Amino acid sequence: MPALSLMPPEFSIVRDENKCVKCLACVRQCGFGAQQYDAADDRLYTIDANCVNCQRCVSICPTGALTIYKNPPPLRPHAYWTENHLRNIAKQAETGGVLLTGMGNDQPFPAYFDRLLLNASQVTNPSIDPLREPMELRTYLGRRPEAGGMMEGREERQAKTRTPLVPIETPIMFSAMSYGSISHEAFTSLARAAKEFGTMFNTGEGGLPGDLYDYADHAVVQVASGRFGVHADYLNAGRIVEIKIGQGAKPGIGGHLPGEKITAAVAATRMIPEGTDALSPAPHHDIYSIEDLKQLIFTLKEATRYQKPVSVKISAVHNVAAIASGIARAGADIIAIDGFRGGTGAAPTMIRDHVGIPIELAIAAVDQRLRDEGIRNQISLVAAGGFRSSADVVKAIALGADAVYIATAALIALGCHLCQKCYTGKCSWGIATQDPYRSRRLNPEIGAERLYNLLRGWSHEIKEMLGGMGINSIESLRGNRLHLRGVGLNEVELKLLGVKHAGEAM
Amino acid sequence: MKYVLIGNSVAAVNAVAGIREYDNEGSITIVAAENHYAYGRPLISYWLEGRVPNAAMPYRPQEFYAQNNASVLLGRRAIKLDPVAREVSLDDGTGLPYDRLLVATGGRPFVPPIKGLTPDNYFTFVNYDDVRRLEAVATPGREAVILGAGPTGLKAMESLVQRGVQVTLAELADRIWAPALDPEAAALVAGFLQDQGVKLYLNDTLASVRGMAGGRLELQLQSGREMTADILVIAIGVRPNVELLEGLPGVTINRGIMVGPDLSTGLPGVYAAGDVVAGNPPLLPHAAIQGKIAGRNMAGASETYQPLSPYNALGFLGLHIISMGNSAATGDEYDILKEIDPVTRIYRKLVIKDKHLVGALFLNKLDRAGLYRRLLEEGTDVTPLQDELLQPHFGLLSLPEEVWQQWLVE
Amino acid sequence: METLNARSLHYQVLNESIRNLLDNGCRELVLKNVNGQRYIGAGVRQQARLEIHGVPGNNLAALMDGLEIEVFGNAQDGVGNTMNDGTVIIHGNTADITGYSMRGGRIFIRGNVGYRVGIHMKAFQDKNPLIVIGGQAGDFFGEYMAGGNLVLLGLDLPPGEAIAGNFVATGMHGGAIFIRGQVDPERLGKEVKAVAPTAADQQRLQEIAGEFAGYFNLEAEKILARPFTKLIPYNKRPYGTMYAY
Amino acid sequence: MKKVYARPLWCMNCHLCEVNCIVAHSRSRDLFRAYKRENLRGTARVIVEERLPLSVAVQCRHCDDPACVAGCISGAMVKDPATGIVYCQEDKCVGCWTCVAACPYGAIQPGEKNGRPLPLKCDLCRETGEPACVAGCPNRALVWEERRAGA
């Protein structure tokens with residue numbers, strides 16, 4: 001770092017001395033060294049330049065003595081050269097590096113979920129009260145039988161090689177976050193909550209830690225280009241095998257877990273030497289075509305004796321519908337599509353903020369394309385990337401998804417405050433870190449409870465919204481775009497989403 | 001079952017508790033030579049200072065005896081024991097039959113033969129009655145000489161100083177409290193006492209005493225030093241009260257009553273606990289634990305008393321000392337770890353021999369003292385901890401993980 | 001010993017038959033007339049021996065964990081893809097991404113190999129995979145290699161032919177590559193350097209050459225007659241300074 | 001008996017157990033007053049040991065045969081026969097610190113309150129119910145529960 005930083009601190013920590021009792025909890029809990037104590041003078045002080053506004057100190061302070069303020073814009077406000085641009089340029093001028101960030105795209109692109117509204121029954125069709133009437137959220141993931149045999153022996157073989165359907169009790173699963181990118185404690189919290197609620201968690205590309213095989217029946221086990229921790233036991237232990245082609249935070253980019261996060265335990269799970277960089281390049285080098293993808297799908301199916309549905313996860317990109325069609329035809333049982341708001345780990349800032357398309361449009365496009373081709377019913381479609389509430393989930397399903405993956409929301413439930421410093425490994429909340437001093441802050445007992453609570457709350461809200469529409473099964477909502485109306489969307493957007501504008505009749 | 005406890009101090013009271021853990025029915029009779037319910041003897045100096053009122057002297061509240069269904073015969077002395085008839089005779093002629101008997105008669109102050117010493121020209125410092133007598137004479141401006149600078153002498157010194165009495169300590173050894181303090185620590189304490197205006201004569205003791213007109217005493221020390229004083233306190237040790245068992249078949253007496261591991265004396269049904277027991281340091285914690293175990297064993301348990309190293313906490317005039325084991329040890333056969341700050345009079349010392357902690361001494365910084373005592377008692381190999389032992393953060397986490405994990409769930 | 005005639009069998013049928021035989025205790029199995037059937041041995045965990053006559057299809061021995069496979073013929077792409085353990089011996093050539101992300105076990109190839117062979121090879125604890133190639137290798141040999149050993153022999157190399165293609169070991173950050181003879185420095189990725197094998201390496205190369213020669217009826221001494229070049233990465237964090245923290 | 005058990009795996013070294021302990025044992029039972037008016041900083045009856053990344057809150061184990069009770073010269077330290085809680089009757093304590101020397105966990109520290117000596121020692125918040133350290137532990141590193149001996 002240069003002797004002189006050209007940028008003033010982004011945040012400023014203010015301590016109310018009248019409230020502070022000098023218990024020093026803030027000093028001990030700050031992951032970034034912004035809170036300091038001088039024992040000789042019995043004095044607390046802050047280094048604002050280190051503050052990332054993760055709010056850990058604010059939350060832990062027993063007296064509420066701390067407040068973090070965004071520093072007022074230090075320069076004349078400029079609508080084009082924003083503070084972000086200035087900071088980034090300064091940082092790159094200092095380091096010459098690729099800008100990194102964490103969590104999903106934070107730029108003010110339109111959120112289509114916020115321009116979609118749901119229907120409700122009035123008079124002509126009774127609402128259903130989910131408190132007293134059965135309401136089915138269970139969703140089955142996997143491939144349905146094809147109609148008609150075309151080749152001799154094909155039907156029989158198909159029956160033998162069709163992978164089983166996987167039931168989930170709510171159409172919400174936890175999305176891929178690898179052990180290594182998140183702490184063992186965060187990973188365990190997800191696994192426990194998934195098992196307790198009857199849904200799935202996703203291992204991400206870092207393997208499944210040995211002590212969590214008890215939860216493998218609720219695991220989507222990922223296979224990514226680096227193949228970390230991938231072996232026959234792992235594949236057979238999981239319930240679903242997922243080939244990761246792309247992820248929403250960084251479409252077209254691979255993963256890179258820096259050597260300092262490859263602790264002994266992470267190394268053992270990934271089955272690589274401690275301290276080496278774990279490189280997952282953008283491509284799988286055995287996949288250059290849909291035909292190659294098919295070979296990996298069937299390699300995995302052969303290796304699991306057709307007992308595990310295979311999912312293929314891609315980023316939502318411009319040609320997503322055609323790619324999804326290819327994936328369906330390549331023999332995948334599930335397609336997972338990750339929108340541009342997705343992402344919980346580290347990503348290069350430019351990629352995160354400027355590559356990919358919104359998940360709402362991607363779901364609509366894929367669902368429509370598969371319907372047009374008559375194969376939508378053969379395969380499950382899972383949407384991911386920025387689900388903030390149960391309403392987002394309901395809208396995604398109405399647009400055509402079978403289920404959704406949530407990750408950012410899950411991490412927020414675990415304590416994440418979106419400080420976007422995942423890549424530093426210093427997470428004060430014990431989530432995106434391998435430092436045992438930090439990770440032990442997240443007791444998985446508590447973490448699992450919080451995640452379970454989130455699923456419980458969202459699931460009940462989904463039931464209420466379904467009931468309002470007069471629907472008693474989540475399956476009846478899937479692709480039911482008549483229950484959606486757009487607000488303030490132009491004709492192209494409405495057409496792509498396949499919804500009418502608010503005010504238009506059925 | 002009839003239980004008779006001779007003595008009414010810490011050992012006896014704990015024996016009552018021990019008995020009642022196993023036997024709620026049997027009768028318990030306590031024979032107390034003093035006219036007081038049990039009190040912690042070290043409390044007398046605090047009483048004399050005025051820090052503990054009469055009401056706070058009892059070791060256990062009055063209800064303790066009722067709750068435990070124990071009757072106390074105050075001011076009664078047991079004078080004879082008939083082990084065949086299983087009966088104790090008291091000084092008022094009554095006979096107390098027993099099934100189980102505890103001899104917890106404690107000790108009495110040792111008073112050496114000194115020229116001119118008469119029962120009314122000196123004080124001892126062991127009993128409540130001792131300090132009640134002292135209270136009358138210990139008035140501001142008077143002068144006192146205390147013979148013996150051990151824990152008793154030092155506590156007597158403190159209470160007298162607090163009452164405004166000018167105190168001189170005379171100690172035969174070359175330093176204060178020689179069994180617990182090494183020369184370096186003793187010098188720190190001596191410096192502290194001098195700062196408090198206490199005179200100290202070492203390597204010296206009383207040769208003769210003579211009453212003078214006006215009640216003052218003329219004292220001559222062995223060194224030839226002469227002085228006058230109003231008060232003479234003799235505090236050079238205690239001797240166990242073994243008379244009740246003397247000469248009885250099966251009992252061995254060797255500067256105290258010899259007991260088995262279960263604290264039985266060799267006479268059927270007769271146990272002993274506390275200062276009267278041979279080899280037991282005359283310290284309150286040891287008496288309490290022995291009393292409890294003896295009580296349990298009298299009521300049918302079969303518990304073994306694991307001899308406990310001496311340990312003592314002593315504070316006077318704001319200085320605090322904790323000593324344990326061979327805390328005064330010096331010499332090449334020991335590994336000694338030390339931390340010294342002469343200004344604050346902080347002194348911390350650990351004595352290690354053959355990988356084990358055998359002694360510890362703490363002046364004015366008592367942090368985690370009990371932890372060291374546990375290492376000492378359990379005979380832990382402290383070699384791996386050597387660098388940690390005197391660090392400020394020394395604690396459970398300095399020990400091997402399997403040890404502290406176990407301790408945390410105890 | 002069991003024999004299966006693979007002629008005209010769909011790979012799903014063939015592989016299911018193989019697995020059933022192995023499940024039922026078969027420890028030696030001969031496949032005849034294999035012609036492009038894929039995924040043979042994929043995910044198989046038994047300790048057994050499989051002899052293949054013909055040309056197996058892609059992803060032979062993928063995710064395999066313990067089997068010994070000997071192929072009398074060529075193999076195609078993805079031999080030993082993400083293989084965990086076992087041995088594969090191929091009497092002909094193999095194609096691209098042989099040993100992709102291989103973590104354990106050994107592959108011996110008498111002939112040439114295609115592109116990106118040994119890509120993402122790893123090592124972990126006692127797992128230290130090995131690929132020995134008798135002939136030449138295509139481009140991106142040992143790309144992203146993170147552990148294990150690649151041994152490239154270049155036997156019977158026509159004069160003027162390069163032993164390896166371009167971009168050898170780009171992105172390599174662990175393990176070691178041994179190349180019999182020299183490799184043109186222009187062809188090396190910027191993450192690796194060429195060094196002389198150590199005495200311990202020579203010892204290991206002798207053992208490897210001995211085993212290789214044994215499988216293919218060659219003379220180890222002749223293989224060892226030419227000195228080897230060893231390629232190792234400059235460090236295990238090739239992209240450690242890429243990012244602005 | 002129900003005891004406080006530390007689970008060092010989840011102790012995150014925030015020391016809030018100490019804060020809550022201090023407040024629970026203050027006269028005002030108020031965080032600000034306890035620190036600002038009663039000046040009770042540093043008087044917690046629980047000791048958070050740090051050996052980062054490990055930390056653990058060490059406190060009285062309420063032993064079956066408490067050495068501190070056996071050692072107490074004034075009879076101030078007692079084990080409540082009904083609850084098993086070992087506590088100090090503060091108005092009886094003379095501050096000799098034999099309990100400090102006795103405690104096999106080093107869990108008693110010398111302290112002072114209103115001019116009287118006071119052994120800083122966990123009393124399981126016997127007067128208020130649930131131990132404050134447990135109630136206030138943000139990560140459940142302390143639990144208050146009955147565990148079978150040896151379990």
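Just so we're clear, the structure is a prediction, and the values are computed from it rather than from any experiment. So you know, we letter chains A, B, ... as the sequences are listed, proteins then strands, and number each from 1.
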If one checks every heavy atom of B:Ile322 against chain D at 4.5 Å, the contacting part turns out to be side chain
May I ask you to say whether B:Glu388 pairs ionically with D:Arg51, meaning some side-chain N is under 4.0 Å from a carboxylate O? yes
Chain B contact via D:Cys72 - side chain, backbone, both or neither, heavy atoms under 4.5 Å: backbone
Ring centres under 6.0 Å, that's the criterion: do B:Tyr59 and B:Phe64 meet it? no
Portion of B:Ile321 that has a non-hydrogen atom of chain D nearer than 4.5 angstrom: neither
Against chain D, label B:Glu401 side chain, backbone, both or neither, depending on which of its atoms sit under 4.5 Å from a heavy atom there. neither
Part of D:Val4 lying under 4.5 Å from any heavy atom of chain B: neither
Atom CZ of D:Arg140 with >12 non-hydrogen neighbours under 6.0 angstrom: yes
Leading residue by heavy atom contact count with chain D [cutoff under 4.5 Å; candidates B:Val10, B:Val13, B:Leu43]: B:Leu43
The interface call for B:Gln405 against chain D, heavy-atom contacts under 4.5 Å, is side chain
Looking at B:Arg368, B:Arg60, B:Met324, which one has more heavy-atom pairs under 4.5 Å with chain D than the rest? B:Arg368
Using a strict threshold of under 4.0 Å (side-chain N to carboxylate O), is an ion pair present between D:Lys92 and D:Glu90? no
Which bit of D:Asp65 is near chain B, if near means a heavy-atom gap under 4.5 Å: side chain, backbone, both or neither? side chain
Can you tell me which of B:Gly40, B:Pro285, B:Ala56 forms the most heavy-atom pairs within a distance under 4.5 Å of chain D? B:Pro285
Look at B:Tyr372, B:Tyr311, B:Trp404 and state which one has the largest set of heavy-atom pairs under 4.5 Å with chain D. B:Tyr311
May I ask you to say whether B:Arg296 pairs ionically with B:Glu303, meaning some side-chain N is under 4.0 Å from a carboxylate O? yes
Which atoms of D:Pro8 are under 4.5 Å from chain B, going by heavy atoms: the side chain, the backbone, both sets, or neither? side chain
Contact winner vs chain D - B:Val52, B:Leu366, B:Ile289, heavy-atom pairs under 4.5 Å: B:Leu366
Under the criterion side chain to side chain contact (heavy atoms under 4.5 Å, CB included), which of D:His62, D:Lys2, D:Lys79 is the partner of D:Ile85? D:His62
Heavy-atom closest pair (B:Pro151 atom, B:Leu314 atom, distance to 0.1 Å) is CA-CD2, 3.9 Å
Carboxylate-amine/guanidinium contact B:Glu158 B:Lys155, below 4.0 Å: yes
If you check every heavy atom in residues 106-118 of chain D against those of chain B, which residues fall under 4.5 Å? D:Gly106, D:Pro110, D:Pro117
Of all of D:Cys103, D:Ala102, D:Gly71, which one pairs up most often with chain B through heavy atoms under 4.5 Å apart? D:Ala102
Inspect the contact between D:Glu145 and D:Arg7 and indicate whether a charged nitrogen and a carboxylate oxygen are less than 4.0 angstrom apart. no
If you look at every heavy atom in B:Ser398 and B:Leu385, which pair is closest and at what distance? O-CD2, 3.0 Å
Top residue by heavy-atom pair count (under 4.5 Å) with chain D, among B:His320, B:Arg51, B:Met57? B:His320
Tell me, side chain or backbone of D:Val58 under 4.5 Å from chain B's heavy atoms, or both, or neither? side chain
With a 4.5 angstrom heavy-atom cut-off, which part of D:Ala67 approaches chain B: side chain, backbone, both or neither? both
For a quick check under 3.5 Å, do B:Tyr39 and B:Glu34 share a side-chain donor-acceptor pair by atom type? yes
B:Ser323 versus chain D, heavy atoms under 4.5 Å apart: side chain, backbone, both or neither? neither
One option among D:Ala6, D:Cys63, D:Gly75, D:Cys68 has the most heavy-atom pairs under 4.5 Å with chain B, and it is D:Gly75
Taking the six-membered ring for Trp, are B:His36 and B:Tyr128 parallel (under 30°), tilted (30 to 60°) or perpendicular (over 60°)? tilted
Is there a side-chain contact (heavy atoms from CB on, under 4.5 Å) between B:Thr344 and B:Asn364? Walk through the geometry before answering. CA-CA 8 Å; B:Thr344 52; B:Asn364 281 344; over 6 Å; no
Do D:Glu38 and D:Ser28 have a side chain donor and acceptor closer than 3.5 Å? yes
Side chains of D:Asp123 and D:His25: is there a donor and an acceptor less than 3.5 Å apart? yes
